[in-house]
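Since the structure comes first, as structure tokens, the remarks are kept for the end.
Residues: numbered from 1 along the sequence shown. When a ligand or atom number is given, it counts from 1 through the structure's own listing order. The analysis underlying the following values was restricted to heavy atoms, covering all of them including side chains, and did not include hydrogens, waters or symmetry mates.
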Amino acid sequence: MNRKDRLYQSEITAPEDFVFDDRVVRVFPDMINRSVPGYSLIVPMIGVLARRYAQADSRLYDLGCSLGAVSLAMQAAVHKPGVEIVAVDSSMEMIRQLQQNLAEDSDAGAGAILARQGDILETPIENASVVVLNFTLQFIEMEKRQELMNRIATGLNPGGILVLSEKIRFDSEREQELQTLWHHDFKKTQGYSDLEIARKRDALENVLRPDSAGQHMDRLKTAGFGQVYQWYQGFNFVSLVAFRKDGVNL
Ligand code: GEK
């Protein structure tokens, strides 16, 4: 755990699609911190948002939870009674490690974290006050994204929120080029070499398919979210808060 990510220096030699397996789990916290600009800010800020919108006796969902960073941030920030945090990931290796971490953590806070292996496309969303997809939707098949958003909107209680963080692509070719360049510059400051950056980009090519901000907006509106606000951007990484159309939100 918490080892340095050197996967694209030498460990992965032949080109292959990126998968969330044991090798990735071992380096995941280092990998995501050095790859997503602002990750270490985004996670606790989701805790701040959850603290405001979590409702007593409801569920908080962390969909595509990996090692549960968002679940832990929400657990630390939310003190309402009867809150259950449901953390779901399709990678058995991720969930196994998360469950081990939770079992070893004697400081577990108020809301229980239920960590389960599963496909978020098949996870029922019920009695939810906060639903978080922190860089997960980008890995879901394009054709299945709308239905997932529809189910989330239906499963959210009035007054609840969806937090959606994503890598995005830009409609303007020039902006796409620049933001990508700046993101790669960021990765270089984090110690990744040009070769590692290029190899990782190739590995993610068929796996991580970013939408544009406009596509996200349209999909969220279609699903029944009335107000959508971007609260974070770091180059081509953004995070949005969406309110259900019929919600009364402060
Ligand atoms: C964090 N949210 O640390 N069902 C469930 N999980 C899935 C599915 C699916 N269909 N597809 C992909 N995943 C985390 C980071 S990482 C983002 C999320 C990244 C899972 C996949 O196994 C992986 O753990 C996660 O989504 C994406 O805040 O690595 O860039």
Side-chain angles (χ1 to χ4, degrees), residues 1-2 5 7-8 17-47 49-50 60-77 85-99 101-102 113-125 130-149 151-152 162-168 183 186-187 190 192 197 200-201 203-211 232 234-240:
M1 269 304 285
N2 280 331
D5 169 26
L7 291 187
Y8 290 92
D17 281 348
F18 187 83
V19 280
F20 292 95
D21 59 12
D22 259 333
R23 290 177 304 186
V24 169
V25 169
R26 282 196 289 274
V27 300
F28 188 75
D30 179 67
M31 171 185 278
I32 195 153
N33 266 296
R34 292 201 290 137
S35 304
V36 175
Y39 176 80
S40 62
L41 171 91
I42 294 168
V43 169
M45 290 311 121
I46 293 176
L49 292 164
L60 318 183
Y61 286 87
D62 180 5
L63 302 178
C65 60
S66 299
L67 296 178
V70 166
S71 294
L72 292 163
M74 295 197 294
Q75 186 185 49
I85 300 169
V86 181
V88 183
D89 203 286
S90 52
S91 159
M92 194 62 232
E93 292 89 344
M94 285 285 188
I95 291 296
R96 210 177 282 136
Q97 186 62 56
L98 171 56
Q99 284 171 340
N101 295 351
L102 291 173
I113 299 178
L114 306 173
R116 305 183 189 143
Q117 193 248 340
D119 187 340
I120 59 171
L121 295 171
E122 282 160 20
T123 302
I125 314 287
V130 179
V131 176
V132 181
L133 287 103
N134 202 35
F135 304 107
T136 306
L137 190 65
Q138 58 197 23
F139 293 106
I140 300 296
E141 284 170 68
M142 284 278 184
E143 322 74 67
K144 302 202 168 148
R145 293 180 186 182
Q146 182 67 58
E147 214 221 306
L148 175 60
M149 289 301 120
R151 284 199 308 108
I152 291 171
L162 163 67
V163 180
L164 178 63
S165 310
E166 287 275 288
K167 182 176 190 179
I168 58 163
H183 175 225
F186 163 76
K187 290 188 75 167
Q190 300 299 304
Y192 285 116
I197 293 170
K200 177 81 177 284
R201 193 192 47 216
L204 283 172
E205 174 119 9
N206 300 319
V207 182
L208 193 170
R209 293 192 197 82
D211 290 315
Y232 176 83
F235 306 129
N236 40 2
F237 294 80
V238 302
S239 190
L240 311 171

Compare all side-chain heavy atoms of Gln97 with those of Phe28 and state whether any distance is below 4.5 angstrom.
-> no

Between Val70 and ligand 1, find which residue part has any heavy-atom pair under 4.0 Å and reply side chain, backbone, both or neither.
-> side chain

Smallest heavy-atom separation, Arg34 atom then Lys187 atom, equals O-CG, 3.9 Å

Which of the atoms of ligand 1 are close to Phe20, meaning less than 4.0 Å from one of its heavy atoms?
-> 21 (C), 22 (O), 23 (C), 24 (O), 27 (C), 29 (O)

Scanning both residues in full, the closest heavy-atom pair of Tyr192 with Ser35 reads OH-OG, 3.7 Å

Note: Leu208, heavy atoms under 4.0 Å from ligand 1, region reported as neither

What atoms of ligand 1 come closer than 4.0 angstrom to any heavy atom of Asp119?
-> 4 (N), 9 (C), 10 (N)

One finds that the ligand 1 atoms under 4.0 Å from a non-hydrogen atom of Thr136 are 26 (O)

Does any N/O atom on Gly64 come nearer than 3.5 Å to any N/O atom on ligand 1?
-> yes

So, for Ile42 and Pro37, which heavy atoms are closest and what is the spacing to 0.1 Å?
-> CD1-O, 4.3 Å

pair Leu162-Leu133: side-chain heavy atoms closer than 4.5 Å | yes

Say whether Asp62, considering both its backbone and side-chain N or O atoms, lies within less than 3.5 Å of an N or O atom on ligand 1.
-> no

Within the structure, does Ile120 bring an N/O atom to less than 3.5 angstrom of an N/O atom in ligand 1?
-> yes

Distance from atom 28 (O) of ligand 1 to nearest protein heavy atom, with residue and atom = Asn134 ND2, 2.9 Å

For atom 23 (C) of ligand 1, which of Asn33, Val19, Asp89 has the closest heavy atom?
-> Asp89

Closest to atom 3 (O) of ligand 1 by heavy-atom distance, out of Phe28, Tyr39, Phe139, is Tyr39

Least distance between heavy atoms, Ile95 atom then Ala87 atom = CD1-O, 4.4 Å

Looking at atom 16 (S) of ligand 1, what's its closest protein heavy atom, distance included?
-> Ser66 OG, 3.3 Å

Spacing of Asp89 atom CG and Phe20 atom CZ [to the nearest 0.5 Å] = 7.5 Å

Which heavy atom of Val43 sits nearest a heavy atom of Ala73, and at what distance?
-> O-CB, 3.6 Å

Identify the heavy atoms of Arg151 and Ile120 that sit nearest to each other, and give their distance.
-> NH2-O, 2.9 Å

In ligand 1, the atoms that come under 4.0 Å of a heavy atom of Phe135 are 16 (S), 17 (C), 18 (C), 27 (C)

How does Gln138 reach ligand 1, if at all, at less than 4.0 Å between non-hydrogen atoms: by side chain, backbone, both, or neither?
-> side chain

Is the ring centre of Phe135 less than 6.0 Å from the ring centre of Tyr39?
-> no

Below 4.0 angstrom from a heavy atom of Gly118, which ligand 1 atoms are there? Numbered from 1 as shown, please.
-> 4 (N), 5 (C)

Any heavy atom of Leu121 sitting closer than 4.0 Å to ligand 1?
-> no

Atom 5 (C) of ligand 1 - nearest protein heavy atom and its distance = Ser90 N, 3.2 Å

Heavy-atom count around Gln190 CD within 6.0 Å, excluding the residue itself: above 12?
-> yes

